[in-house]
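First, the structure itself, so that you have it in front of you.
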Amino acid sequence: MAARGQELPGGAEELFAGHPESLEVYRAVRRVVDDLGGARERVTRSQVAWSRHRGFAYVWRPGQYVGGTVPAVLSVALPREVRSPRVKEVAHPSPGTWMHHLELAGPGEVDEEVVDLLRQAAGAAGPPAP
């Protein structure tokens, strides 16, 4: 198994092995990121991260570290705070960055609201990588 922060050779399939619902949420988010022009994808032992000039979206399994009943959490970095009943928690880790955590029970929850958050985050992270 890869050390924390080190990329997993088996990608998202390795990260979400034994957790098919989590894998399906990841795939739904990835389709949106691809439709938005793409981004660099990095899979580590703890999460899948997408970045352009900087990171903007992360999918991880809450049960892996903090417990939880949903298969996946989508964390979206935005330059401002967004209020929505869908956002479970907002952190402000650095000036100009608000991290929004959304619990996703399945791929169907990657709906227009989530697509819009990802669109805003990707746009704030810079142009797609060539």
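Small disclaimer: the values here were computed from a predicted structure and weren't measured.
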| request: Report yes or no: do Arg42 and Gln47 form a side-chain donor-acceptor pair below 3.5 Å? | output: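 Judged by distance alone, the side chains do not pair up.
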| Can you list the steps and then say if Leu117 with Val82 is a side chain to side chain contact (heavy atoms under 4.5 Å, CB included)? | CA-CA 9 Å; Leu117 289 173; Val82 172; 3.9 Å; yes
| Pick from Ser46, Ser75, Ser22: which one makes a side-chain hydrogen bond (donor to acceptor under 3.5 Å, both in side chains) with Trp60? |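 Single pass found, and it is Ser75.
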| field | Donor-acceptor contact below 3.5 Å, side chain Arg54 vs main chain Ala124 | value |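 Pair found, side chain donor or acceptor close to backbone of Ala124.
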| Under the 3.5 angstrom rule, does the side chain of Glu109 hit a backbone N or O of Ala105 as a donor-acceptor pair? |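 Flag set: sc Glu109 to bb Ala105 pair under 3.5 Å.
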| query | What is the distance from atom NZ of Lys88 to atom NE2 of His101, rounded to the nearest 0.5 Å? | reply |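 The NZ atom of Lys88 sits 11.5 Å away from the NE2 atom of His101.
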| task | Please lay out, stage by stage, how Val110 and Leu104 fare under the test side chain to side chain contact (heavy atoms under 4.5 Å, CB included). | result | CA-CA 8 Å; Val110 180; Leu104 300 177; 4.1 Å; yes
| request: Flag the pair Trp98 / Pro79 as yes when at least one side-chain heavy-atom distance between them is below 4.5 Å, and no otherwise. | output: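 No. Closest side-chain heavy atoms not under 4.5 Å.
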| task | Take the angle between the ring planes of Phe16 and Tyr26 and call it parallel below 30°, perpendicular above 60°, tilted in between. | result |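 Rings of Phe16 and Tyr26: tilted, 30 to 60°.
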| request: Dump the intermediate steps for side chain to side chain contact (heavy atoms under 4.5 Å, CB included) on Gln120 and Arg80, then the final yes or no. | output: CA-CA 10 Å; Gln120 291 177 52; Arg80 63 183 176 78; 2.6 Å; yes
| Test salt bridge (charged side-chain N to carboxylate O under 4.0 Å, His left out) applied to Arg30 and Glu13, Glu41, Glu24, the passing residue |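 When Glu13, Glu41, Glu24 are each tested with Arg30, the salt bridge (charged side-chain N to carboxylate O under 4.0 Å, His left out) holds only for Glu41.
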| said: How close do Pro128 and Gly37 get, counting heavy atoms only, and between which atoms? | reply: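 What the structure gives for the nearest pair is CB-O, 3.2 Å.
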| field | Check ion pair Asp34-Arg31 (N to O, under 4.0 angstrom) | value |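 Result for this pair is no, no salt bridge flagged.
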| field | Ion pair check, Asp111 and Arg86, cut-off under 4.0 Å | value |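 Salt bridge: yes.
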| field | Test log, rule side chain to side chain contact (heavy atoms under 4.5 Å, CB included), inputs Trp50 and Val29 | value | CA-CA 10 Å; Trp50 289 277; Val29 172; 3.6 Å; yes
| query | Would a 4.5 Å heavy-atom cut-off, applied to side chains only, mark Val87 and Arg83 as touching? | reply |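 With C-beta onward as the side chain, the pair stays apart.
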| task | Look at Arg45 together with Glu7 and state whether they make a salt bridge at an N to O cut-off of under 4.0 Å. | result |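 A salt bridge is absent here (no side-chain N lies under 4.0 Å from a carboxylate O).
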| query | Would you say the side chain of Glu113 lies within less than 4.5 Å of the side chain of Ser84, judging by non-hydrogen atoms? | reply |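 The answer is yes; the side chains approach within 4.5 Å.
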| With sequence neighbours left out, what residues match Glu21 under salt bridge (Lys or Arg N to Asp or Glu O under 4.0 Å)? |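 For Glu21, no residue satisfies salt bridge (Lys or Arg N to Asp or Glu O under 4.0 Å) once neighbours in sequence are set aside.
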| query | Within a strict 4.5 Å, meaning less than it, do heavy atoms of the Leu78 and Val76 side chains meet? | reply |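 They are in contact (side-chain heavy atoms under 4.5 Å apart), so the answer is yes.
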| request: Can you see which heavy atom on Pro62 is nearest to which on Ala72, and at what distance? | output: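 Answer, listing the atom of Pro62 first, then Ala72: CD-CA, 3.9 Å.
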| message | Is any side-chain heavy atom of Thr97 closer than 4.5 Å to one of Ser94? | response |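 Heavy-atom side-chain distance check passes, below 4.5 Å.
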| said: Restricting to non-hydrogen atoms, name the atom on Ala122 and the atom on Leu36 that form the minimum distance, rounded to 0.1 Å. | reply: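 Residues Ala122 and Leu36, closest heavy atoms: CB-CD1, 4.4 Å.
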| field | 4.5 Å side-chain heavy-atom contact, Pro9 and Glu14 | value |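 In contact.
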| message | Looking at Gln6, is its backbone amide N or carbonyl O close enough to the side chain of Thr44 to form a donor-acceptor pair, meaning the two atoms are under 3.5 Å apart? | response |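 Not a single qualifying donor-acceptor pair exists.
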| Is His100 reaching over with its side chain to a backbone N or O of Glu81, donor-acceptor style, under 3.5 angstrom? |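 Answer holds: no.
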| task | List the atom of Ala39, the atom of Phe56, and the distance in Å for their closest heavy-atom pair. | result |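 Shortest heavy-atom contact: CB-CE2, 3.6 Å.
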